Amino acid sequence: MPASFLPRLACACSILLAGSPPSLPQSKSVSAAPVAFPSQETITYDIEWRLIYAGNAKLTLDPKMSAGKQDWSSKLHLESGGLVSKLYKLEDNYTVQMENQFCASGSVFNSMEKNRHHETTVNYDPVRRKATYLERDLLKNSTFKTAETEIPACVSDIIGGLYKLRSLKLEPGQSMQLPISDGKKTVSARIEAQQREQLKTKAGTFNTIRYEVFVFNGVLYARKAQLFIWLSDDPRRLPVQIRARMGFPIGSITFELEREEHS
């Protein structure tokens, strides 16, 4: 499925081995004030699975001016590595175009794994309030799946949702609802700011705020899991760590910041 990189990597990890969200204090929904973060950047992550190196990811964001307004282009390259790659080679390239407040306008997802090569395109039409999904098998030159879902005037894909979260300053104890669509399904995903934590990575030591994003367990993705994102507690709102906590036998998959570059 487009942009569901953690679930896909989880499938890779599960080959090596062949709950519900936690109860939290009542959180307050807020209208969060926007914050600033660098408009052009490249972020590189090491991917870890059960203390084993599993691959790497590179996420870029580029601003683009269109008809006098701010648009955005983001690219994610994900590649398995180490033992995971030897048993289950995976290489994904995902590009999303966004308008103004990180509202998705279109995305292309090119995924290669083992003997499979698929390309998925999603077009988001704010006028018709529809998202259309087309997945093709490039090896067989055939259409694999099509779908359509209703969307609000501004909806984020999963990557745009990360940028949207970064642009809003949610303090621990606060929460928000964010419209997210993968082209097949549109949901209002709950995001909770949980607590401040200090993290040490290859890129340095960061004071962060930990967020939980509720997109698994049948919300947007069927897989049972919890998704946590740690953003730096400063104006950059840098994604320092991303973790999917899944049940046995997979366990946790973690994206840990290796380096950042800004223009």
Side-chain angles (χ1 to χ4, degrees), residues 1-8 34-45 57-79 91-112 117-136 138 143-168 178-189 191 213 215 220-221 229 236-239 242 255 260-263:
M1 66 181 64
S4 58
F5 306 104
L6 290 169
R8 285 168 50 75
V35 298
F37 63 89
S39 60
Q40 188 172 40
E41 63 182 10
T42 299
I43 307 174
T44 304
Y45 296 93
K58 179 181 288 187
L59 180 64
T60 65
L61 178 68
D62 291 304
K64 297 179 179 295
M65 293 301 295
S66 176
K69 63 178 182 179
Q70 181 70 73
D71 289 348
W72 307 88
S73 177
S74 180
K75 296 180 180 180
L76 174 64
H77 174 79
L78 183 149
E79 189 170 351
E91 184 175 350
D92 288 345
N93 287 284
Y94 180 79
T95 301
V96 60
Q97 305 298 328
M98 299 167 286
E99 300 175 350
N100 198 16
Q101 300 299 313
F102 303 109
C103 308
S105 58
S107 65
V108 178
F109 180 37
N110 191 294
S111 62
M112 291 185 288
H117 189 185
H118 283 196
E119 181 181 76
T120 302
T121 59
V122 180
N123 291 311
Y124 300 89
D125 189 336
V127 177
R128 293 179 56 241
R129 302 289 181 95
K130 297 283 187 180
T132 55
Y133 175 101
L134 173 64
E135 184 174 357
R136 297 182 64 248
L138 297 184
T143 298
F144 183 75
K145 185 172 185 177
T146 61
E148 187 174 77
T149 182
E150 294 185 359
I151 59 172
C154 178
V155 68
S156 297
D157 71 311
I158 196 71
I159 297 298
L162 173 61
Y163 292 122
K164 186 70 174 180
L165 174 60
R166 291 178 63 187
S167 73
L168 302 173
L178 181 65
I180 296 179
S181 177
D182 64 355
K184 295 181 294 184
K185 186 177 182 181
T186 302
V187 302
S188 180
I191 301 175
V213 184
V215 290
L220 187 61
Y221 306 124
I229 299 173
R236 295 174 301 167
R237 302 280 286 162
L238 188 68
I242 301 171
F255 285 53
E260 54 167 316
E261 303 169 67
H262 301 286
S263 301

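If you're wondering where the values come from, they're calculated on a predicted model, not measured in any experiment.
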Measuring from atom [atom1] of [X] to atom [atom2] of [Y], what distance do you get when rounded to the nearest 0.5 angstrom?
X	Y	atom1	atom2	value
Thr95	His77	OG1	NE2	11.5 Å
Asp71	Asp62	CG	CG	12.5 Å
Thr60	Leu76	OG1	CG	8.5 Å
Phe255	Ile242	CZ	CD1	6.5 Å
Met112	Glu79	CE	CD	8.5 Å
Leu178	Ile191	CG	CD1	5.0 Å

According to salt bridge (Lys or Arg N to Asp or Glu O under 4.0 Å), who are the partners of [X], at least two apart in sequence or on a separate chain?
X	result
Arg128	Glu148
Lys58	none
Glu119	none

So [Y] and [X], do their side chains get closer than 4.5 Å, heavy atoms only?
X	Y	result
Pro179	Val187	no
Pro239	Tyr45	yes
Ile229	Val213	yes
Cys103	Val155	no
Val96	Met98	yes
Leu220	Asp182	yes
His117	Asn110	yes
Tyr133	Thr120	yes

Counting N and O atoms only, with roles assigned by atom type, does the side chain of [X] sit under 3.5 Å from a partner on the main chain of [Y], one being a donor and the other an acceptor?
X	Y	result
Thr143	Lys145	no
Thr121	Val108	no
Arg237	Leu165	yes

side-chain contact (heavy atoms from CB on, under 4.5 Å) between Glu260 and Glu41, intermediate numbers included: CA-CA 7 Å; Glu260 54 167 316; Glu41 63 182 10; 5.9 Å; no
What pair of heavy atoms forms the shortest contact from [X] to [Y], and how long is it?
X	Y	answer
Lys164	Ser156	CB-OG, 4.4 Å
Gly183	Val122	CA-CG1, 3.7 Å
Ile43	Arg166	CD1-NH1, 4.2 Å
Ala131	Ser181	CB-OG, 4.3 Å
Asp92	Ser111	OD1-CB, 3.2 Å
Ile159	Ser74	CG2-OG, 3.7 Å

Ile158 and Val215: CA distance, side-chain angles, deciding distance, side-chain contact (heavy atoms from CB on, under 4.5 Å) verdict: CA-CA 9 Å; Ile158 196 71; Val215 290; 4.3 Å; yes
Contacts of Ser105 that satisfy side chain to side chain contact (heavy atoms under 4.5 Å, CB included) - sequence neighbours left out: Gln97, Glu99
Partner set under side chain to side chain contact (heavy atoms under 4.5 Å, CB included) for Pro126, not counting sequence neighbours: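 For Pro126, no residue satisfies side chain to side chain contact (heavy atoms under 4.5 Å, CB included) once neighbours in sequence are set aside.
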side-chain contact (heavy atoms from CB on, under 4.5 Å) assessment of Asn123 paired with Leu134: CA-CA 9 Å; Asn123 291 311; Leu134 173 64; over 6 Å; no
Greater than 12 external heavy atoms within 6.0 Å of Gln70's CD: yes
Other residues, nucleotides, ligands: >12 heavy atoms within 6.0 Å of Lys75 NZ: no
Pair listing, salt bridge (Lys or Arg N to Asp or Glu O under 4.0 Å) test, anchored in residues 100-110, at least two apart: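 Listed once each, the pairs would be none.
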Criterion side-chain contact (heavy atoms from CB on, under 4.5 Å) on Tyr124 and Asp157, from CA distance to verdict: CA-CA 10 Å; Tyr124 300 89; Asp157 71 311; 3.7 Å; yes
Steps toward ring-ring contact (aromatic ring centres under 6.0 Å, His included) verdict (Phe102, Trp72): CA-CA 7 Å; Phe102 303 109; Trp72 307 88; 4.9 Å; yes
His118 and Phe144 aromatic ring geometry - parallel, tilted or perpendicular at 30°/60° bounds: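 Taking His118 first and then Phe144, their aromatic rings sit tilted (interplane angle of 30° to 60°).
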